[in-house]
Amino acid sequence: MSKLIDAALGIHPKALSLGARRLEVLAANMANADTPGYKARDLDFRSALREATAARLEQTHARHLPGHAATTEELKYRVPNQPALDGNTVDAELEQTAFAEAAVRYQASLDFLASRIDGLRKALRGE
Amino acid sequence: MSLFRIFDIAGSALSAQSTRLNTVASNIANAEVASSSAEDVYRSRQPVFAALLRGERGNAQNQLPGVQVLGIVESQRPPRVEHLPGHPLADENGYVYFPAISTVEEMANMLSAARSYQNNVEVASTVKQLMLRTLQLGQR
């Protein structure tokens with residue numbers, strides 16, 4: 001049953017949790033926009049999502065339980081456009097637009113999930 | 001839910017920026033306060049920000065820091081000295097000491113702090129909306 005629900009929901013739960021993680025990274029960048037020496041970071045969403053969906057433990061026997069390898073998404077440092085004299089590399093405008101984009105993507109994931117759940121519910125009711 | 005942590009991050013930034021706004025207000029308010037000796041004169045105050053790491057995720061590189069105010073430093077700039085023999089606070093040579101505060105600098109600092117504050121308020125309110133929508137997922 002849970003496998004069926006997993007299959008029905010597809011990639012979206014993972015995209016949602018990665019999206020939340022990316023929002024967190026961008027929020028930390030914006031919070032530290034005036035902290036001397038702080039280096040802005042970001043999450044490579046595409047590769048992190050690929051890693052999160054592809055990472056499975058290999059099953060060498062049919063009766064092995066499927067396992068999921070723990071993935072540790074690597075944060076990467078931004079290439080600074082114009083670093084400040086105090087060593088800070090946060091570009092507030094860039095972070096703002098990235099945050100807005102990440103928020104919209106998060107909402108998109110939410111909408112996809114909602115429609116999948118709706119579909120599942122309709123299928124269960126037999127409407 | 002990891003969205004909860006954004007409130008901590010944005011909240012720490014709000015408190016740091018409001019400390020900065022406070023010091024700016026204090027600096028501007030005291031910019032013209034005269035004194036009769038170089039030691040007693042008001043010195044401009046500036047907060048020192050630093051990233052606030054919490055020891056939760058093992059890898060330090062992947063930690064997402066908030067902001068903390070490490071302390072408030074007083075400027076060591078020498079005070080402005082004016083020769084005003086008629087001033088009630090003049091010393092025996094007729095000199096009066098004023099704080100070395102540039103109001104223009106402080107205003108620029110205030111604008112920067114206010115912008116950063118707004119930024120973080122925006123972050124917190126966006127995240128609040130996203131969280132509420134997430135909680136309503138699948139309700140019909």
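Given the structure is predicted, the values throughout are model-derived calculations rather than measurements. A note on names: the letters A, B, ... follow the listed sequences, proteins ahead of strands, and every chain is numbered from 1.
- When the candidates A:Leu16, A:Asp111, A:Asn32 are compared by the number of heavy-atom contacts under 4.5 Å with chain B, A:Asn32 comes out ahead.
- Shown here for B:Leu64 and A:Ala28, the closest heavy-atom pair between the two residues is CB-CB, 4.0 Å.
- Rounding to the nearest 0.5 Å places CG of A:Leu113 at 11.0 Å from CZ of B:Arg133.
- Minimum interatomic distance between B:Ile9 and A:Ala31 (heavy atoms only, all atoms of both residues): CG2-CB, 3.6 Å.
- Contacts classified as salt bridge (Lys or Arg N to Asp or Glu O under 4.0 Å) and involving residues 32-43 of chain B (residues at least two apart or in different chains) are given here: B:Glu32-B:Arg80.
- Contacts with chain B were tallied for A:Ile117, A:Leu26, A:Leu120, A:Asp34; A:Asp34 has the most, counting heavy-atom pairs under 4.5 Å.
- Between B:Leu130 and A:Leu110, the shortest heavy-atom distance links the atoms O-CD1, 4.2 Å.
- Contacts between residues 91-101 of chain A and chain B, counted as heavy-atom pairs separated by less than 4.5 Å, involve A:Ala92, A:Glu93, A:Gln96, A:Phe99.
- Taking every heavy atom of both residues into account, B:Ala51 and A:Tyr38 meet most closely at CB-CD1, 4.3 Å.
- Between A:Arg21 and B:Leu3, every side-chain heavy-atom pair lies at or beyond the 4.5 Å cut-off.
- For the residue pair B:Ile6 and A:Ala20, the shortest heavy atom distance occurs at CD1-O, 4.4 Å.
- The side-chain heavy atoms of A:Tyr106 and B:Thr134, taken from C-beta on, include a pair separated by under 4.5 Å.
- No continuous path of hydrophobic side-chain contacts links B:Leu89 to B:Val41 [ILVMFWY only; heavy atoms under 4.5 Å].
- A single hydrophobic cluster is not seen to contain both A:Met30 and B:Val67; linkage of ILVMFWY side chains at heavy-atom distances under 4.5 Å, directly or through other members, places them apart.
- Within residues 95-125 of chain B, the residues having any heavy atom under 4.5 Å from a heavy atom of chain A are, by residue number, B:Ser112, B:Arg115, B:Ser116, B:Asn119, B:Asn120, B:Val123.
- Contact residues of residues 15-25 of chain B toward chain A are B:Gln17, B:Arg20 (heavy-atom distance under 4.5 Å).
- By the criterion of side-chain heavy atoms lying less than 4.5 angstrom apart, applied directly or through intervening Ile, Leu, Val, Met, Phe, Trp or Tyr residues, B:Leu137 is grouped together with B:Met131 in one hydrophobic cluster.
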